[in-house]
There are 2 protein chains.
Amino acid sequence: MITIKDVAKHAGVSVSTVSYVLSGKRPISTATSQRVRHSIHELGFHPNAGARALASSRTNVLALVVPLRTDLNLPVIMEFVASIVTAARAHDYHVLLLTKESEADEVHRVTASARADAVIVMDVEARDPRLPALRELDVPVVLIGVPADPTGLSCVDLDFTASGARTVEHLAGLGHRSVGLIGSPPPVYERRTGYATRFRSGVTKSARKRGVTVHISPCAPTYAALSENLDSLLRPELGITGLVVHNEAVLADVVLELRRRNKRVPEDISVIALCPDPVAATQPVPLTSIAIPADEVGAIAVEMLMRGLAGEQPAEVRLLAPALTDRGSTVTAPSTADR
Amino acid sequence: MITIKDVAKHAGVSVSTVSYVLSGKRPISTATSQRVRHSIHELGFHPNAGARALASSRTNVLALVVPLRTDLNLPVIMEFVASIVTAARAHDYHVLLLTKESEADEVHRVTASARADAVIVMDVEARDPRLPALRELDVPVVLIGVPADPTGLSCVDLDFTASGARTVEHLAGLGHRSVGLIGSPPPVYERRTGYATRFRSGVTKSARKRGVTVHISPCAPTYAALSENLDSLLRPELGITGLVVHNEAVLADVVLELRRRNKRVPEDISVIALCPDPVAATQPVPLTSIAIPADEVGAIAVEMLMRGLAGEQPAEVRLLAPALTDRGSTVTAPSTADR
DNA sequence: TCCTGGAGGTGAAACGTTTCAATTTCTCGG
DNA sequence: CCGAGAAATTGAAACGTTTCACCTCCAGGA
């Protein structure tokens with residue numbers, strides 16, 4: 001194995017000089033610097049991560065707690081993970097994968113043994129039992145999602161309340177007076193995973209303000225459940241002309257089922273979804289949607305951690321403003337006469 | 001921070017004794033051992049991972065290369081990842097997440113800098129460009145999936161050839177004489193990702209042997225593509241009475257579409273799938289299927305690595321025999337008269 | 001009785017970096 | 001041409017483990 005000593009010898013400088021060339025923490029003359037870099041390259045030197053961690057008490061690793069329950073919204077999770085890994089790499093950080101299922105103190109062990117410098121936790125619930133333990137950690141922590149009481153913790157997420165409001169405003173602006181919300185599965189509301197509830201409250205609040213009637217219908221992630229939901233939402237007496245879908249698992253089926261029932265999108269019914277852009281764009285009918293900006297969230301989470309590691313970043317809750325993309329699945333509401 | 005020295009002092013023994021208690025590499029009297037353990041617990045000692053790695057040249061970390069392309073079969077990937085993390089934890093190993101997208105030499109950097117002791121690579125293609133680099137690594141490597149030329153590399157995967165054959169034999173055994181295969185998306189065959197091709201060849205070979213006609217129809221992961229596929233497969237002149245589905249993205253839609261076309265499963269047409277058990281079981285009609293045994297594959301992969309790290313495990317290709325679960329979606333073929 | 005060998009324990013030398021403090025080498029104003 | 005300070009470089013002390021080599025006991029075979 002080839003060490004920093006070998007490099008120093010090869011370049012005719014001291015070990016510390018090589019170290020400073022690598023870290024840039026001290027000015028080094030360009031001549032020396034080039035000679036050293038050349039030697040590094042020539043010898044194929046890779047600094048030993050363990051030794052580095054020991055000497056500098058920095059591992060350049062961040063721990064990522066991922067919910068690996070398969071029932072969950074995989075594509076979104078994957079996007080988050082991908083964006084986090086990418087953002088981390090951009091800061092020369094690696095990602096250690098922890099699963100939510102491992103015992104609660106796994107995160108503690110990982111930081112206590114100096115395996116990671118910081119922690120990102122995905123899929124936090126409103127009153128997540130891990131919260132107290134996370135507050136105890138002496139490393140920076142960023143949550144993706146916002147718990148009921150975020151004091152002392154940094155969080156980043158889409159602003160679901162604003163997103164809910166935005167969907168209704170969009171439809172109201174097009175003249176829709178009665179809309180349906182196909183929501184997350186009931187257990188998600190019960191777990192009070194925060195985001196589902198917040199989205200819903202954004203929807204209802206905005207509906208009240210705009211004088212729109214809204215029919216809320218949580219929906220299990222199965223074809224049968226969806227079918228029932230639509231049965232009930234499409235009863236003519238409700239006069240629903242617009243549909244808000246916050247349930248990725250059944251999103252594809254919604255479009256299929258509407259078609260099956262001879263409801264054309266958007267001529268007969270407008271549909272707007274909350275989901276990642278790629279998903280909205282690849283539906284049989286491209287859907288107007290509010291994006292779940294996984295990339296941005298991941299990048300921001302990493303950014304916050306880096307600031308936390310550097311100077312002192314006070315705990316902060318960052319809510320991202322919703323961005324609506326019109327893909328033509330929402331149009332002016334059919335006039336009452338048409339119905 | 002609390003170190004092994006503190007523990008030693010607290011327990012009234014030497015540092016090396018504490019280390020031996022922890023590692024069990026030397027006999028220690030139960031009295032001493034208990035005293036030390038007690039001190040460890042009392043002080044909340046967690047050995048510093050970096051120092052450990054440096055002294056022992058073991059990181060207790062394995063690198064996992066995951067394809068994070070969202071187009072891919074997410075649930076399966078997630079299951080693999082979950083099972084690998086679990087298996088790794090059982091061996092006191094942690095998992096460092098690398099994405100396939102990062103440059104090819106990322107794996108090399110990670111091992112060269114002693115960040116990981118071993119590597120698992122998921123989603124290897126038949127002639128994967130990373131293969132030569134992987135062979136060069138001086139750490140144990142296990143591939144999930146089997147490339148065209150696996151010499152020098154350990155691999156583990158479901159036996160797709162046998163699986164393909166098994167589906168046909170199952171249907172043939174029930175009297176079906178003409179079956180359709182809804183295959184992976186065309187690009188998957190073109191990339192020659194191995195498994196798709198092997199499954200198909202298992203199907204055709206077995207079909208020939210059993211005198212069954214098989215109509216192969218690769219299918220893009222969209223509703224439209226599936227619809228066309230079924231249009232063509234269900235032409236009455238083909239007389240297809242059984243369907244093999246090796247395409248998870250459209251699996252749900254297959255069942256829906258058959259229903260829409262008034263083909264009952266299994267009365268009018270038998271359906272058998274290749275997919276993870278949970279997926280097969282949660283379809284509108286539970287499907288007879290051959291499982292993709294993610295758990296087992298993950299556990300075996302980790303097992304192989306551990307043996308590689310310990311003594312010398314020669315490179316080995318492990319193909320798992322297919323397990324078929326009958327969930328009632330396949331029945332005796334309707335007699336010719338019925339059609 | 002002596003010797004052998006294993007069990008139980010210890011001190012100190014690695015392991016490969018970073019970084020502090022000290023030293024040498026420059027640059028430039030007076 | 002000197003001296004002061006800045007710039008560049010260096011030596012050596014950490015960092016917290018593991019593990020080798022050594023030491024002391026004590027049991028039991030000859």
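Lettering of chains follows the sequences in order, A, B, ..., and the numbering in each one begins at 1.
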Contacts of B:Ala51 and B:Ser29 projected onto DNA chain C by closest heavy atom; the upstream (5') one is B:Ser29

In sequence, state the C-alpha distance, the side-chain angles, and the governing distance for A:Val156 and A:Val142, and then conclude on side chain to side chain contact (heavy atoms under 4.5 Å, CB included).
-> CA-CA 7 Å; A:Val156 51; A:Val142 168; 3.9 Å; yes

Checking all strands, does A:Ser57 fall into the base, sugar-phosphate, or nothing category for heavy-atom contacts under 4.0 angstrom?
-> nothing

pair B:Pro147-B:Cys155: side-chain heavy atoms closer than 4.5 Å = yes

For B:Thr59 and B:Asp117, what are the C-alpha separation, side-chain angles and deciding distance, and is it a side chain to side chain donor-acceptor pair (under 3.5 Å)?
-> CA-CA 6 Å; B:Thr59 62; B:Asp117 298 335; 2.9 Å; yes

Please check if any side-chain donor atom of B:Ser19 sits under 3.5 Å from a side-chain acceptor atom of B:Ser16, or the reverse.
-> no

NZ of A:Lys9 versus P of D:dT9: gap in Å, rounded?
-> 20 Å

Rounding to a whole Å, what distance do you find between A:Met1:CE and C:dG16:C1'?
-> 8 Å

Which residues satisfy the side-chain contact (heavy atoms from CB on, under 4.5 Å) test with B:Ser56, sequence neighbours excluded?
-> B:Arg58

A:Ile4 CD1 to C:dA14 P: how many Å, rounded?
-> 19 Å

Do A:Ser39 and A:His10 have side-chain atoms, one donor and one acceptor, less than 3.5 Å apart?
-> yes

Between C1' of D:dA14 and CG of B:Leu54, the distance in whole Å = 13 Å

Answer yes when A:Glu106 and B:Arg89 have at least one side-chain N-carboxylate O distance shorter than 4.0 Å, and no when they do not.
-> yes

Verdict with reasoning, A:Thr86 to A:Ser83, per side chain to side chain donor-acceptor pair (under 3.5 Å) | CA-CA 5 Å; A:Thr86 308; A:Ser83 79; over 6 Å; no

Once you round it to whole Å, what is the distance between C1' of C:dT10 and NZ of B:Lys5?
-> 15 Å

Give the angle between the helix axes at the two ends of the helix from C:dT1-D:dA30 to C:dG30-D:dC1, taking five base pairs at each end and rounding to 10°.
-> 50°

What integer distance in Å separates A:Leu22:CG from C:dT18:P?
-> 7 Å

Identify all pairs in which a protein N or O lies below 3.5 Å from an N or O of nucleotides 19-25 of chain C, and state each distance.
unit_1	atom_1	unit_2	atom_2	d
C:dT19	OP2	A:Lys25	NZ	3.0
C:dC20	N4	A:Tyr20	OH	2.9
C:dA21	N6	A:Arg26	NH1	3.4

Beyond-backbone contact of B:Leu309 with B:Tyr93, side-chain heavy atoms, under 4.5 angstrom | yes

